[in-house]
Amino acid sequence: MLEIKNLHATVGGKEILKGVNLTINDGEIHALMGTNGAGKSTLSNVIVGNPAYEVTEGSITFDGQDLLAMSADERANAGIFMSFQMPVEIPGVSMTNFMKAAVNARRKARGEEPMKAAEFIKLMKEKRQLVEIDQKLMSRSVNEGFSGGEKKRNEIFQMAMLEPTFCILDETDSGLDVDALRIVATGFNKLRTEKTSAMVITHYQRLLDYIKPDIVHVLIDGKIVMTGGPDLAQKIEDEGFDWIKNNA
Amino acid sequence: MAEKNEYVRQVAEQKYEHGFTTDVYTDIIPVGLTEDVVRLISQKKGEPEWMLEFRLKAFRYWQTLKQPTWAHVNVPEIDYQAISYYADPMAKKKNANLTEDGKIDPELEKTFDKLGIPLEERLALSGVAVDAIMDSVSVKTTYKDKLKEMGIIFMSIGEAIKEHPDLIKEYLGSVVPYRDNFFAALNSAVFSDGSFVYIPKGVRCPMELSSYFRINAAGTGQFERTLIIADDDSYVSYLEGCTAPMRDENQLHAAIVEIIVKDRAEVKYSTVQNWYPGDENGKGGVLNLVTKRGDLRGESSKLSWTQVETGSAITWKYPSCVLRGDNSVAEFYSVAVTNNYQEADTGTKMIHMGRNTKSTIISKGISAGHSQNSYRGLVRATSKAHGARNYSSCDSLLLGSQCGAHTFPYMDIRNNTAVVEHEATTSKISEAQLLYCNQRGISTEDAVGLIVNGYAKEVLQKLPMEFAVEAQKLLSVSLEGSVG
Amino acid sequence: MTQYIELYNEILPLLQKQSHPVLNAQREETMALFAQQGFPDKSVERYRYTDVAASFAPNYGLSLAPLTIKDVPYVYAIKDAPIDVSPYYNKVNRPNPSLPLREEVDSLTLLNTALAHDAVVIYVPKGEKAKQPIRIENTLNGEQDTMVVRRVLIIMEELAEATIFFVDHANGGSSYLTSQVIEVVAKDGAQLDMYEMEETTEKCHRYSNLYIQVGRNANIRHNGVTLSNGVTRNGIDVYLQGECSEVTLNGAVIADRKQHVDVNTLIDHQVPQCVSNELYKYVADDQAVGAFAGRILVREGAQQTISHETNNNMCASEEARIYTQPMLEIYADDVKCAHGSTVGVMDEAALFYMQQRGIPLEEARTLLKNAFISQVIDEMKWESFRDRLHILVDKRLSKEERCGSCKICK
C-alpha cells in the first residue's frame, strides 16, 4: 500500500507539488490525469526518489516503510518500478549486463544468492517472449539506438524481469502507435498479479481502454482537485479540464 | 601542382590596401628605452606623479625579463633600443596639425577618411562613436558629449588619467598586472595612449564604441592601452580596428586591453586587425604582441571576444577571460588568416573559477602561402568551479602545400563536475567543392572566397553589422586566388 | 642528478667488463649529454605534468643482474642476438636514424642508455609469423628499494608478424623505479600488435620511452593499459618513414587513490599516405592525476595523411585531476586530421535510471566506468587478451584484489 500525505516538492527551487494526498491500496490501478505542468511527472519522480527533486514537506510510506528515507535503488528493491516517459540511453552498458546487475541487486536485497548464469538466460528468454521484444535488442547497449516503441517495450520487459508490486507508467503511451500501445498494455496486464498496484499517468482515454483504472485523479497546480471512477477519464477526454478548474 | 604554385605566387603579390603614409608633422622622441625616456613620455603627457611611479615600477621589472620564446612563431630579434616610444602627430609645434580654429589637420582627416573612419560627427556612421588613435596619441573622440549625458565616459586614456584618476588608480593593471609577461611590463612602462570606457550601473550604451588604431610614423612602436569597465547591469559593444602603412622594417605593437565586467553586465569586444603584414617575401610588417584579458568579476556577467585577424607579420595574442563570478559566461570567436610569410599564434584562455560558469571557443584558422597559423588555448577549471562547462572547436583550413596549421589546446581540469569538450579538424578546400562551383559557373577565385566566408561564417556573424561587411571583404582580399 | 653521475662513474668499470660492446659503445656520449641536460623539469613541454626529479631523488639500489630469458622463440639477450644490432641500438630514438644524437633526445632515454647493463632483443626474421604471442614479464621483486634499467630492441624484418605483450608486476612493499626504453624497427610490410600492461603498486615509479620507426605498408598497433601503479610516465614516439603505413595507439587508464599516469605521444608523419589513430580513455577517481598529451606532426610533403586522435576522460571525484592536451601540427595541405578530447562527468540520468532498477549507486557508477573503458578494450585485436582485460577491469573497478595467476599474466 502506498500512502502519500500532504506532499510538497520543489524542483530547481520552484514549488511544484503543493500538498498531495493519495492512497493506493494493493491491487488497485489509479489513473492520474492533469494539464501539462500540473506536477504529474514531479509526483512520480518524487515517489521513485529522483535526487533532482526536493521534498519540502509531507510523507510517503510504502508497505509501512518510510520511502523518503530510502535511496532510489532501495525503493526499487522494495518493489517500486517506474516506466520512464523518456528512457535514458546508456552507451557501453549492454542490456544483459544491466539486467543481471538489477536482478541480482534485488535478490541481494532479499537475502538471496545471485542468480546462476543459465537460469538468468532462461529467465531473460521467457520474459522477452512475454513482451514480444526482439532478441537483437538485448545485445545492444541500454536503450541505445532503440526506436521510441522499442524503448517503451523495453521498459515493460524490465518490469517483467523485476516483478515489482507497485508500478508507475509515466506517459507510457506517448509516441506509440496503436499496435505498440496494445503490445505494451497487454504486456503490463499479463504481468499484473492480484497484489500489483499501479499509477498510470496519461492524457488519453486510449491507454485506459487497455489498462482499466479503478480510480481516476485529476492533478492541477500541484494538488489533486478531483477524484472519481473510470467514467471521469472519459469525461475529461470529451470536455477537457476547464470545467474542473471552474469548479475548483 | 604547378597551377597551385602559380596561385600561391599570385596571392603573394596581393597588395596591402592600407599601405599609404600620411604627410603630417609628427613629434617623435629619440629612439631607445631608458628610465629617462619613461620619464619623458610621462612628462610629455603631463601625467601626475603616481602615474610616473606606475610606469617606472613596470620599467624596472621589464629590465629583469627576457623576451619569451614559447610561441610557434619566429619573432625577429627586436632591438628595443632602436625604437621610438612616442610619436605625436598632434604636437603643437610649427606646422601643427590642428588648424588655427582648433580643427584637425585636413591631411590627418583625409587619412582616416581613406580608411573609412569618419572623424567628424557629420560623417559618422550612425551609432558609432570613434576614438581614433594615430601612432601614439588619440586624435579625436567623437560623440563624447552625447555619451556624457548618460554618464558614459569614453575618452582617451591620457585624458582619463587626468580627469578620472580614481577610476584609473583602481582598475589600471588590475586585470593585467605589469608582472604578467614581458610585453605587459613593456607596455605598462611606455604606453602612450588608448581608450578608456566606463559604463555606469544599469546603462546600456546606445551606440557601438569604436577605436581605430593606425601606426603611421616610421621606426616607432605603438603601445596603446585600453581599459573598459562595465558596472553592474550595464552593456557595451566595443570595436577595434587597426591598420599601418607599408614599411620595410618591422613595427612593434604591444598593446594591453583590460576589461572589467561586474554583476550582470555584458561586454562585447570585436577586433578587425589588419596591420601591415609585410611584403610577399616576409619583409617588414607589424609585430602584433598583445595581452587582452577580461575579468568577469560579477555574477552572471558576460564577455564576448570576437576577432578577425588578417594582418601583421606576427600575431601573438590570446584574448582571455577569468570567469570569477558565479554563472558568468565567456565566449571567444576568432578567424585568423595568414598568407605569405605571416605567422599567427593566437587563441584564448578560459579560467573557470566561479560556479556554473560557461565558456565557448570557436576558432577558425586559414593558412595560405608560406604562413604558419596556430591556435593555442587553455581551459582551466579550478576546484571551486562547480558545474563549469566549456566547448571548444578549432578548425583549420589549408590553402597551399607550404603553409602550416597547428592546434595546441591545453585543458587542466581540477573539478569532477566540470564538462569540457574540445574538437579540432584540419582540412583543405576539396577539389570536388571547387569543381562543383566551377560547373555552376563560379570562378575558382570566387569559389574560394565563397567557401572561406562560409567556413568563417560562424564567427563573422558575431561581429556588429558594419564590421562584418569590412571583415568579409578583408577575408576575400587577403586570400584572393590562393587555391588553384 | 649528481648521484646518478657518481653512480655512473662508480659502476662504469663493471659495466664495461660485463656488458655487450654495442651497449658500451654508446655510454660516454649519452652520459655527457645527460650531465648537461639533467632531469627534465616542468619547463620541458613533454614533462610538464610529472615531477621527474622527485621520482629519481630517493636512493635506490641499482639492479645489475643479467637478464634471464627462458626459451621463448624470437627473444634473445643482446649477446645471443642473431644479427648485428649496432645499426639499430640507440638509433631508433629520434625521427631518423641518420640524425646525430642531439640535445633534443629525451634525457631519461640518455640516462637509460648510459646505465643499460643488458638488453632484450626481439628479432622476427623476414616473412616469419610468430604463431604465439611473445610475452615478456617484468616482475619487480626483492627486499630492497631498487632501480631497474630495462632496455629492449624489437626488430621486425620485412613482412614479419608478431604479437608482443609486456606486463609489469610488483611484489612486496619495496619501492621500485623503472627506467625503460624500447626501440622498435618495423620494416616494410611488418605487422606488430604490441601490448603493455602495468599492474604494480603505489610504490612503483615507471618512466618508459617507446620509439617506433615504421617502414612502408606496415601496420603497427600499440595498446597500453595502466591498471594500478604509483607514478607512471609513458612516452611513445612513432616515426612514419614509409608510405601507406598505418599506426594505431590505444590506451586505457584506471587511476584512483594517489595514482599518477602521464602518457605523452608523438606521431610523426614524415611521408605521404599514412594513417594514424589514437584513442585514450582515462578514469580518474580519488586523488588520482591523469595526463594525456598527444602531438600529431604532419611534415611538409606528407600529403594524404589521415589522422584521428581522441582522448576521453572521466573525472570521478572532487580531488581527481585531468590534464589533456591534444595537438595538431600540420605542414601539408592535403590531409584529414581531427582530434577531440573531453573531460566529463558521470551521466546523472543514467545513474538514476539504474538506481530505479534497483542497482545501488556505487555499482551503477562502476558499470558506467566499465562501459567507458570497454570502448578502448574493444579496439584491441588480440581476443584472449581483450576478454581477460574485461575481467581485470571489472575486478579492478569493483576494488577486488588484483589478479596474479591468470593465463595471460603468468
Report summary line: For E246(C), the salt bridge (Lys or Arg N to Asp or Glu O under 4.0 Å) test, sequence neighbours excluded, returns none
Report summary line: Ranking P360(C), A371(C), G358(C), A350(C) by heavy-atom pairs under 4.5 Å to chain A gives rank one to G358(C)
Report summary line: If one checks every heavy atom of L361(C) against chain A at 4.5 Å, the contacting part turns out to be backbone
Query raised in the report: Going through the distances and angles, do M354(C) and I90(A) end up as a side chain to side chain contact (heavy atoms under 4.5 Å, CB included)?
Result: CA-CA 9 Å; M354(C) 290 198 261; I90(A) 313 178; 3.9 Å; yes
**Report entry** Interchain contact, V142(A) with chain C, by part (heavy-atom threshold 4.5 Å)
**Finding:** side chain
Report task. Please flag which part of P87(A) lies under 4.5 Å from any non-hydrogen atom of chain C: side chain, backbone, both or neither. Result -> both
Query raised in the report: Among G49(A), A102(A), A52(A), A105(A), which has the most heavy-atom pairs under 4.5 Å with chain C?
Result: A102(A)
Polar pairs (donor with acceptor) under 3.5 Å from chain C to chain A:
unit_1: Y353(C); atom_1: OH; unit_2: N143(A); atom_2: ND2; d: 3.3
unit_1: Y353(C); atom_1: OH; unit_2: E155(A); atom_2: OE2; d: 2.2
unit_1: Y353(C); atom_1: OH; unit_2: Q158(A); atom_2: NE2; d: 3.2
unit_1: Q355(C); atom_1: O; unit_2: D73(A); atom_2: N; d: 3.4
unit_1: Q355(C); atom_1: NE2; unit_2: D73(A); atom_2: OD1; d: 2.9
unit_1: Q356(C); atom_1: OE1; unit_2: M82(A); atom_2: N; d: 3.1
unit_1: Q356(C); atom_1: NE2; unit_2: I80(A); atom_2: O; d: 3.0
unit_1: R357(C); atom_1: NE; unit_2: Q158(A); atom_2: OE1; d: 2.3
unit_1: R357(C); atom_1: NH1; unit_2: M82(A); atom_2: O; d: 2.9
unit_1: R357(C); atom_1: NH2; unit_2: M82(A); atom_2: O; d: 3.4
unit_1: R357(C); atom_1: NH2; unit_2: E155(A); atom_2: OE1; d: 2.5
unit_1: R357(C); atom_1: NH2; unit_2: E155(A); atom_2: OE2; d: 3.1
unit_1: G358(C); atom_1: O; unit_2: N77(A); atom_2: ND2; d: 2.9

**Report entry** Within-4.5 Å side-chain heavy-atom neighbours: F352(C) and V88(A)
**Finding:** no
Requested in this report: Count the heavy atoms belonging to other residues, nucleotides or ligands that lie under 6.0 Å from CD of Q287(C), then report whether that count exceeds 12.
Outcome: yes
